[in-house]
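We number each residue from 1, following the sequence as shown. Any value given below was found using the heavy atoms of this structure, including those in side chains, with hydrogens, waters and symmetry copies removed.
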Amino acid sequence: MDVYEAVVSRQAMRAFTDRHVPSEVLERVLLAAAWAPSASNLQPWHLYVLTGEPLAELKKRAGERVASGDPWDEPEYEQYPPTLESPYRERRSAFGEQRYGALGIPREDLEARQRAAAANWDCFGAPVALFCYIDRDMGRPQWSDVGMYLQTVMLLLRAEGLHSCTQMAWAKYRTTVAEVLSPPDELIFFCGMSVGFEDTTTRSPRTGRAPLSETVTYVR
């Protein structure tokens, strides 16, 4: 797949089939993704790959927490600033309208929105999930390195005909993730990523992007 095609066709997929993802494909992707850039070649990412019974167990435990109304875990980092200013506030609102509108869920139906959000913890049906950690001593530049690594993984997955969805939502059940993965204490959980083949029977609308005039300044 052409690099441009991989970039443009990548989207946060929220509907997967249970079709098996060959382990050699995952290995090929992760071997290539290791060449992602990082300052001074620190490579600060720590990735866990779950499939089969371990993933089924995690989904089961997370599902039980959702069903019981168990409170979310105490956050270890802020996903968004406490107050989102314009234009970020409007972009986030537009995303929510499109996401839940595609599911036929009106803004005022909070219960239905919560049910839809619960699909996060089933990995939207995906048969593979990646969980990314970073050393607690690392700073903001290293977190950006992790972002570049994850983007590299996602583009390579597209080259293999696969889709993905990064999910900070898993941080809300990070202790449940840790029960299954047993990561060392010096690592902090960043996000999960669902991986698999797109369920083409489910509508998956793409979120629009801001015009370049809002995000790019040319100095000539």
Side-chain angles (χ1 to χ4, degrees), residues 1-16 29-47 75-103 107 113 116-117 120 124 126 130-135 138-171 188-196 198 200 203-220:
M1 182 180 291
D2 176 84
V3 174
Y4 281 87
E5 184 181 354
V7 171
V8 173
S9 66
R10 186 217 63 81
Q11 67 180 101
M13 186 57 60
R14 293 182 174 86
F16 295 90
V29 165
L30 296 178
L31 278 171
W35 291 98
S38 60
S40 297
N41 199 32
L42 293 186
Q43 305 167 72
W45 45 81
H46 296 264
L47 203 69
E76 292 192 292
Y77 67 90
E78 285 189 352
Q79 292 187 12
Y80 304 100
T83 302
L84 275 178
E85 302 294 339
S86 182
Y88 313 110
R89 179 179 62 252
E90 291 83 2
R91 291 175 188 168
R92 187 182 186 190
S93 177
F95 164 74
E97 287 297 318
Q98 181 180 27
R99 161 84 176 119
Y100 295 108
L103 298 173
R107 174 188 289 271
R113 287 194 172 207
N120 271 285
F124 304 107
L130 313 180
F131 293 92
C132 188
Y133 287 77
I134 184 172
D135 195 292
M138 294 297 177
R140 291 182 180 179
Q142 286 74 54
W143 283 73
S144 72
D145 290 342
V146 170
M148 289 190 286
Y149 170 73
L150 293 174
Q151 172 76 340
T152 302
V153 170
M154 289 187 283
L155 295 182
L156 289 165
L157 289 169
R158 286 301 301 125
E160 297 286 353
L162 294 160
H163 274 283
S164 61
C165 182
T166 51
Q167 299 166 270
M168 287 190 292
W170 274 107
I188 182 173
F189 179 77
F190 175 35
C191 71
M193 182 191 296
S194 297
V195 175
E198 177 185 3
T200 57
R203 184 185 174 206
S204 300
R206 300 204 63 194
T207 307
R209 292 296 186 264
L212 288 187
S213 59
E214 290 186 16
T215 61
V216 177
T217 301
Y218 288 98
V219 181
R220 293 170 170 156

Undergrad: Please round to the nearest 0.5 Å and tell me the distance separating atom CG of L150 and atom SG of C191.
TA: 5.0 Å
Undergrad: How far does CG of L47 sit from OH of Y133, to the nearest 0.5 angstrom?
TA: 11.0 Å
Undergrad: Can I get a per-line list of side-chain donor-acceptor pairs under 3.5 Å for residues 213-220, giving both atom names and the distance, sequence neighbours left out?
TA:
{"from": "E214", "atom 1": "OE1", "to": "R91", "atom 2": "NH2", "distance (Å)": "2.9"}

Undergrad: What do you reckon, is OH of Y4 surrounded by more than 12 foreign heavy atoms closer than 6.0 Å?
TA: no
Undergrad: Of all the heavy-atom pairs spanning I134 and H46, show the shortest one and how long it is.
TA: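 So the minimum-distance heavy-atom pair works out to CA-CD2, 4.4 Å.
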Undergrad: If we only count heavy atoms from C-beta on, is the H163 to F16 side-chain gap below 4.5 Å?
TA: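 A side-chain contact under 4.5 Å exists here.
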Undergrad: Check whether S93 reaches the backbone of E90 with its side chain - one donor and one acceptor, N or O, closer than 3.5 Å.
TA: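 Checking the backbone N and O of E90 against the side chain of S93, no donor-acceptor pair under 3.5 Å is found.
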Undergrad: Please output the side-chain donor-acceptor pairs of residues 152-161 that fall under 3.5 Å, not counting sequence neighbours, one pair per line with the distance.
TA:
{"from": "T152", "atom 1": "OG1", "to": "M148", "atom 2": "O", "distance (Å)": "2.8"}
{"from": "R158", "atom 1": "NE", "to": "S9", "atom 2": "OG", "distance (Å)": "3.0"}
{"from": "R158", "atom 1": "NH1", "to": "L162", "atom 2": "O", "distance (Å)": "2.9"}
{"from": "R158", "atom 1": "NH2", "to": "S9", "atom 2": "OG", "distance (Å)": "3.3"}
{"from": "E160", "atom 1": "OE1", "to": "R28", "atom 2": "NH2", "distance (Å)": "3.1"}
{"from": "E160", "atom 1": "OE2", "to": "R28", "atom 2": "NE", "distance (Å)": "2.8"}
{"from": "E160", "atom 1": "OE2", "to": "R28", "atom 2": "NH2", "distance (Å)": "3.4"}

Undergrad: Out of curiosity, T83 OG1 to Y88 OH, how far, rounded to the nearest 0.5 Å?
TA: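 Answer for the OG1-OH pair, T83 versus Y88, is 14.5 Å.
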Undergrad: Can you tell me if R10 uses its side chain to pair, donor with acceptor, with the backbone of Q151 under 3.5 Å?
TA: no
Undergrad: Which heavy atom of Q98 sits nearest a heavy atom of T207, and at what distance?
TA: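 Shortest heavy-atom separation between Q98 and T207 comes out as OE1-CA, 3.2 Å.
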Undergrad: Is there a side-chain contact between M193 and C132 in this structure, where contact means two heavy atoms from C-beta onward sitting under 4.5 Å apart?
TA: no
Undergrad: Looking only at non-hydrogen atoms, find the nearest pair between Y149 and A36 and report the distance.
TA: CA-CB, 3.7 Å
Undergrad: Can the ring centres of F190 and W143 be said to be less than 6.0 Å apart?
TA: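 Distance test on ring centres: under 6.0 Å, yes.
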Undergrad: Can you tell me how far apart CD (Q167) and CZ (F131) are? Round to the nearest 0.5 Å.
TA: 7.5 Å
Undergrad: Can you give me the closest heavy-atom contact between C165 and R14, atom names plus distance?
TA: SG-CG, 4.2 Å
Undergrad: State, with a plain yes or no, whether a side-chain heavy atom of P44 is found less than 4.5 Å away from one of D135.
TA: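 SC-SC contact between P44 and D135 ruled out.
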Undergrad: If the condition is side-chain contact (heavy atoms from CB on, under 4.5 Å), which residues does Y80 pass it with, not counting sequence neighbours?
TA: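 Y80 satisfies side-chain contact (heavy atoms from CB on, under 4.5 Å) with R92, M168 once adjacent residues are dropped.
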